[in-house]
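Just so we're on the same page: letters track the sequence lines, and every chain starts at 1.
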Protein chains: 2
Amino acid sequence: MRPRISDVARVAGVSTATVSRALSQPELVSEETRALVLQAVEKTGYRLNLAARNLRQNRTGGVLALVPNLANPFFAQILSGIAEVLGPAGYNLLVADTRITDPDTLLEYAEPSRADGLIVLDGGLPAEALRRVPVVMACEWVPALQAPRVKIDNRAAARQAIAHLMALGHRRIGHVRGPRGNVLAEARLAGTREALEEQGLCLDAASLYPGDFSLASGREAALIWLRQDPGLRPTGVFLASDEMACGFMGEVQRQGIAVPGDVSVIGFDDIELIAHISPPLTTIRQPRAEIGRLAARRLLRSLEGGEAACEDELLPVELVLRASTAVPPRA
Amino acid sequence: MRPRISDVARVAGVSTATVSRALSQPELVSEETRALVLQAVEKTGYRLNLAARNLRQNRTGGVLALVPNLANPFFAQILSGIAEVLGPAGYNLLVADTRITDPDTLLEYAEPSRADGLIVLDGGLPAEALRRVPVVMACEWVPALQAPRVKIDNRAAARQAIAHLMALGHRRIGHVRGPRGNVLAEARLAGTREALEEQGLCLDAASLYPGDFSLASGREAALIWLRQDPGLRPTGVFLASDEMACGFMGEVQRQGIAVPGDVSVIGFDDIELIAHISPPLTTIRQPRAEIGRLAARRLLRSLEGGEAACEDELLPVELVLRASTAVPPRA
DNA sequence: CTGAAAGCGCTTACAG
DNA sequence: CTGAAAGCGCTTACAG
């Protein structure tokens, strides 16, 4: 049997209260008592039972990250950033995949007795399920939920991408959007529209391709593009995710189209691999690990400080120029 | 304040013991009592406090996954598989990054009061830290630790890759290895050696390139390869990870080398993106989600059954033929 | 089938 | 600075 605090107390010849204090708030205990206790801890091999402490203190010691799709590498770096902050702060990181979690289960997950706080990476969750513990939203956000948001300016980022294509001389510009209803997809689409309209251009229906952020949907968009009239189809395409950009570029290349010779391609996110494919992909870099770290810090503040500040945290993005964008082909 | 079980008991006019039974083991309670209790639960809005139950039952309700590098997308799918099994079984999934966790902290993590069991994805951890709770190892393994291993036959997989290159007619074959000391890297290297030696070939020092599974190290290997005598350097290269294969291929392409025209490239893992780059990469597919699921099931069995079976679980791999391998160039 | 009571292993007012 | 005691919110032998 594992030694309990009372075993240590017996060995040290003090009360359990004193052992507890010596361990958690040493400054409340005389130096010699402390030494006695530490000796007894050593001798008994005692280790604090966290579950018991947490129950007594009415906390769980854990933070739950709700991820739309754990299998998606995009979230790996964010989780890494979260873990980096949470670990040293003494919190456990719990993760759950919202895809494989039905709404009822979700309610059970977002439970004060399961986690002290939530980091929500899925903007599609029902707000009601998320009101019982402190929440911070990262990347995506639940519009109906009033809680701090750590994110980038998706609209401005999209404008930057379009501005880049226009600066290269492109006039026929296409956009492969993310899933309908997704807050990121809508913001990026809006930014694209705005940037084009400011220059007197407009995003016509034929140049707006459906997508869902996935590789496969980028490939689908490529198949549509390939069937369009070469004299009319976009010479520059901005895709709302790098995965889609890879799928798009891979497919058009396979059909003998040169990137960026025949078509310029720009993605979004700057996931790791795309710097190493051929041609390396121009993209908008999102500081994923930093988003995770900030979200975690923000949540810790509201868990510890109890402060209820709720302004959004807007992180900067960066246009990363690589070889997949160039001047448009001469018609 | 949240209602406790005693509130429900008062409203229902029964004891807390009865409420507890009605909720957890309804068959022990009369039908009418059960109805009374459920009504009282409804009325009070009662929700079970998991932390309290767990303390009483001497469990934590959580499983901890120890990941070598959370930011590495390779582990995303494995975690997804783990989550898929753990969630429905009522366990929380905790994750920790072993990179950002020093040995002392690790000891604290692998604590019975933190998690009921461990899924270890890092073969480099000290065995002593992992003996206090049930463990299953997945992908990698800690050689000194006797615990179930869910993995693939890395050696046989490497032999398959080499056999493929040889069947295409390659005779000068190179290998970019994983990090020294890593169990996977060593097994894949051993398989490579064996397969070559069986055919009377041998892996000379110039054809064995250092690597650490990362994109950057694949690129490094490419730089070495590029400097070697075109008439002597390998015409086919097997890399111990897809990331390295991407890095390698991207770099040689950038220097005007054709894949597979000038050099055939084969990776390992079948991560998602590589099917969509140009050319799509030939590789050895590792069933990552399935590895995660099996590891989780295995651990659940030893947590619930208490069974101590310890045979390894060997999952099949698959050689996925794509366009990055072909017959060697005519010298 | 149900209840009174002990206890999971801690922490923390309260009193001295 | 230290201890006795209550209590975090449950579950579970034990007795009836």
- When you compare D/dG16 with D/dT12, how far apart are their C1' atoms, in angstrom units rounded to a whole number? 16 Å
- Message: In this structure, how many angstroms lie between the C1' atom of C/dT2 and the CG atom of B/Leu28, rounded?
- Response: 11 Å
- In whole angstrom, give the distance that lies between atom CZ of B/Arg59 and atom P of D/dC10. 15 Å
- Determine whether more than 12 heavy atoms belonging to other residues, nucleotides or ligands lie under 6.0 Å from atom CD of B/Gln57. yes
- Message: Tell me whether B/Glu42 at atom CD has more than 12 heavy atoms from other residues, nucleotides or ligands lying less than 6.0 Å away.
- Response: no
- Item | Euclidean distance for P, D/dC1 against D/dA5 (whole angstrom) | 23 Å
- Which value, rounded to the nearest 0.5 Å, describes the distance between B/Leu303 atom CG and B/Asp116 atom CG? 6.0 Å
- Task: Could you tell me the separation between the CG atom of B/Leu23 and the C1' atom of D/dC10, rounded to a whole number of Å?
- Result: 11 Å
- Message: OP1 or OP2 of D/dC10 versus the side-chain N and O atoms of B/Ser6: is any pair under 4.0 Å?
- Response: no
- Intra- and inter-strand pairs of DNA chain D in dot-bracket (Watson-Crick or G-U wobble, both distances under 3.5 Å; | for another strand): |||.||||||||.|||
- Heavy atoms of other groups near A/Arg2 CZ, more than 12 under 6.0 Å: yes
- Query: Run the side-chain hydrogen bond (donor to acceptor under 3.5 Å, both in side chains) check on A/Asn49 and A/Arg4 step by step: do they pass?
  - Reply: CA-CA 8 Å; A/Asn49 182 317; A/Arg4 293 155 304 154; over 6 Å; no
- Query: side-chain hydrogen bond (donor to acceptor under 3.5 Å, both in side chains) between A/Glu111 and A/Ser113: does it pass, once the steps are laid out?
  - Reply: CA-CA 5 Å; A/Glu111 247 278 325; A/Ser113 72; 2.9 Å; yes
- Item | Between C/dA13 and C/dG9 - P atom distance, rounded Å | 23 Å
- Query: Taking the same atom, P, in C/dC14 and in C/dC10, what whole-Å distance lies between them?
  - Reply: 24 Å
- Per-nt protein contacts along nucleotides 11-16 of chain D (heavy atom under 4.0 Å; B base, S backbone sugar-phosphate only, - none) come out as BBB---
- The residue among B/Arg149, B/Arg298, B/Arg297, B/Lys151 that forms salt bridge (charged side-chain N to carboxylate O under 4.0 Å, His left out) with B/Glu313 is B/Arg298
- Item | B/Asn49 CG - D/dC10 P separation (whole Å) | 5 Å
- note: B/Asn54, atom CG; D/dC10, atom P; distance rounded to Å ~ 12 Å
- Query: For A/Glu111 and D/dC10, what is the distance between atoms CD and P respectively, to the nearest whole Å?
  - Reply: 10 Å
- Message: If you assign each of A/Arg47 and B/Glu31 to its closest nucleotide in DNA chain C, which residue comes earlier from the 5' end?
- Response: B/Glu31
- Query: Over how many whole Å does the gap from B/Glu32 atom CD to C/dC1 atom P extend?
  - Reply: 11 Å
- Identify whether the distance between the nearest side-chain nitrogen and carboxylate oxygen of B/Arg293 and B/Glu290 falls below 4.0 Å. yes
- Task: State, yes or no, whether a side-chain contact exists between B/Leu48 and B/Leu23 at a heavy-atom distance under 4.5 Å.
- Result: no
- Query: In whole Å, what is the span from the CZ atom of B/Arg4 to the P atom of D/dG9?
  - Reply: 6 Å
